[in-house]
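Shown next, in structure tokens, is the structure this report addresses.
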2 protein chains.
Amino acid sequence: MQPEVSDHIFYSFLTGGFCDSSSTTTTTSSFYPFAIEDTISQDKSLAALRNHKEAERKRRERINSHLNKLRSLLSCNSKTDKATVLAKVVQRVKELKQQTLEISNETLPSETDEISVLNFEDCSKDDGRIIFKVSFCCEDRPDLLQDLVKILKSLQMETVYADITTIGGRTRNDLVVVADTEKHGVESVKFLQNALKSLLERSSQSVVMRRGGGGGEMTKRRRAPDHIIMV
Amino acid sequence: MQPEVSDHIFYSFLTGGFCDSSSTTTTTSSFYPFAIEDTISQDKSLAALRNHKEAERKRRERINSHLNKLRSLLSCNSKTDKATVLAKVVQRVKELKQQTLEISNETLPSETDEISVLNFEDCSKDDGRIIFKVSFCCEDRPDLLQDLVKILKSLQMETVYADITTIGGRTRNDLVVVADTEKHGVESVKFLQNALKSLLERSSQSVVMRRGGGGGEMTKRRRAPDHIIMV
DNA sequence: CCCAACACGTGAATC
DNA sequence: TGATTCACGTGTTGG
């Protein structure tokens, strides 16, 4: 492609001989370019420059190799911009960080008792089903799950998804339940909320002696909350 | 820092005048460098080169800006190698892809009935608790969850974590249950496995007519599997 | 002293 | 053509 050595000699000759005093030759005292005593140091610096050139090529290869890996990982065209690839990568890593943050924030039981019942009104109401997203946090007790199942059964609601996490005596329950529009109207949200509220009140009334699991220290019984946060 | 325009003029003079025939001047027919009629096109190409230089600087800035964003996102020193940063980014994105793959593979119910009971023997046996990781997939039925709760209750095991996913008539249950070593020995794994096996057999016996949810098409009842895969 | 990493300006290619 | 992107060789700096 490009002239390799010839123009280099030419260039270094020019910069060293003409332009500046910061010459490539350091040991010689001669003022004449291409003088005899300069040939040795010239060879040395030439070899150094060749090494330098090679090293720089290797470095570029390394960087571009990783860039190509990123291109394939992001499944984008091999002719996509370097800058664009990096921008997309920034986006991806940000998403990853956000995800892990949400996981730790949204999957652990909260300290306060909370109930959230969301009615997915927009989501496929015409197929005869209503979908609720239920989430509540409260003190754990042995019969909580059984009571919850009974409640949903009595409301004739079917559990499609359940994610139940219990840690340190607190429990968090995320449910997706479906109900028939034939049996339920819009007021079924209230039924569900009230049933869950009674569930949590039962939970905070029952005083359980729990052997020190988890952390090991026997925590003082958390007092029943004055009110349960309803969302 | 570096000489901006002066050496450029010098260089372009050299390459254009001395080295090669691919000169910077295209329209002129003069053979003399710095001839009068060349000054115009020289100015033009000089301006072009200045634009080019500027554009390249902008490009480098863009790339390095993204690289710095990646540095901060990966919380690594601002003097970390470009190549190293990119290598770490490749690692991260691979992990992300792996995670999302595992999520879709490990959270959806399998087509075949399966039971897996893992005894975490290495994990804190001396605090008087045994920890089991239970996972099973089977056909869904209304009383499945209730039966499961009864089984665990009868075995005096406490559910620490539960992840229950039901889709398309199939259900997948991932549980973490703890048992007392006072009440259970090593044989409790077998108890648990057998109880779950009976649960799944009950599941495959009961023939349920299910209204076509999800996909909408009424799927033919899947025949009871000849055997349940035990892990 | 060299080595490794960087920014820079430039030529070439692509659109 | 003009704009944009890339690879290259080089000068420079810090360990």
Side-chain angles (χ1 to χ4, degrees), chain A residues 1-27 40-68 70-71 76-87, chain B residues 1-27 40-68 70-71 76-87:
Chain A
M1 286 285 180
Q2 300 197 10
E4 280 285 324
V5 193
S6 55
D7 70 334
H8 152 63
I9 296 177
F10 195 49
Y11 190 117
S12 100
F13 154 64
L14 290 166
T15 50
F18 271 85
C19 277
D20 203 351
S21 61
S22 69
S23 170
T24 52
T25 65
T26 54
T27 54
I40 299 173
S41 60
Q42 270 208 4
D43 282 359
K44 265 187 72 176
S45 68
L46 197 150
L49 262 188
R50 225 182 28 219
N51 285 341
H52 185 33
K53 196 198 301 188
E54 182 84 1
E56 185 63 15
R57 214 196 74 231
K58 284 285 185 184
R59 175 176 165 270
R60 277 195 301 264
E61 269 180 10
R62 233 175 20 227
I63 293 178
N64 284 334
S65 152
H66 288 143
L67 269 171
N68 284 329
L70 286 176
R71 268 185 253 262
C76 60
N77 187 7
S78 74
K79 283 315 289 173
T80 329
D81 252 335
K82 282 182 182 177
T84 308
V85 172
L86 290 182
Chain B
M1 281 286 180
Q2 299 195 11
E4 279 286 322
V5 192
S6 56
D7 70 333
H8 152 64
I9 295 176
F10 193 49
Y11 189 9
S12 100
F13 154 66
L14 290 166
T15 51
F18 269 85
C19 277
D20 204 351
S21 60
S22 69
S23 170
T24 51
T25 66
T26 54
T27 54
I40 298 175
S41 61
Q42 268 209 3
D43 281 358
K44 266 186 71 174
S45 68
L46 197 150
L49 262 188
R50 224 181 30 217
N51 283 343
H52 185 34
K53 197 199 301 188
E54 181 84 1
E56 185 64 15
R57 215 196 74 232
K58 285 285 186 183
R59 175 176 165 270
R60 277 194 302 264
E61 270 179 12
R62 229 172 338 152
I63 293 179
N64 283 334
S65 152
H66 288 143
L67 269 171
N68 284 329
L70 286 176
R71 269 184 253 262
C76 61
N77 187 6
S78 74
K79 283 316 289 173
T80 328
D81 251 336
K82 281 182 182 178
T84 308
V85 171
L86 290 180

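Proteins get letters first, then strands, A, B, ... in listed order; numbering begins at 1 in each.
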Does the side chain of [X] get closer than 4.0 angstrom to OP1 or OP2 of [N] through an N or O atom?
X: R59(B); N: dT4(D); answer: no
X: K82(A); N: dA7(D); answer: yes
X: R50(A); N: dG9(D); answer: no

Under 4.0 Å between a Lys/Arg side-chain N and an Asp/Glu carboxylate O for E54(A) and R50(A)?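 Salt bridge flag = no for R50(A) with E54(A).
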Qualifying residues under side-chain contact (heavy atoms from CB on, under 4.5 Å), relative to A87(B), sequence neighbours excluded: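 Checked A87(B) against side-chain contact (heavy atoms from CB on, under 4.5 Å); matches are H66(A).
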Do the side chain of R71(A) and the main chain of T80(A) share a donor and acceptor less than 3.5 angstrom apart?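 Yes, the answer is positive, given that a donor and an acceptor are paired below the 3.5 Å cut-off.
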Going by the rule salt bridge (charged side-chain N to carboxylate O under 4.0 Å, His left out), which residues pair with R59(A) if we only count those two or more places apart in sequence or in a different chain?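 R59(A): salt bridge (charged side-chain N to carboxylate O under 4.0 Å, His left out) contacts with E56(A).
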Which nucleotide in the set [options] lies at the smallest distance from any side-chain heavy atom of [X]?
X: R60(B); options: dT5(D), dC8(D), dA7(C); answer: dA7(C)
X: L49(A); options: dG11(D), dT5(D), dC6(C); answer: dG11(D)
X: D81(B); options: dC6(C), dG11(C), dC8(D); answer: dC6(C)
X: N64(B); options: dA7(C), dA5(C), dG9(C); answer: dA7(C)

Both N51(B) and A83(A) contact DNA chain D. Which one's nearest nucleotide lies toward the 5' end?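 Result of the comparison: N51(B).
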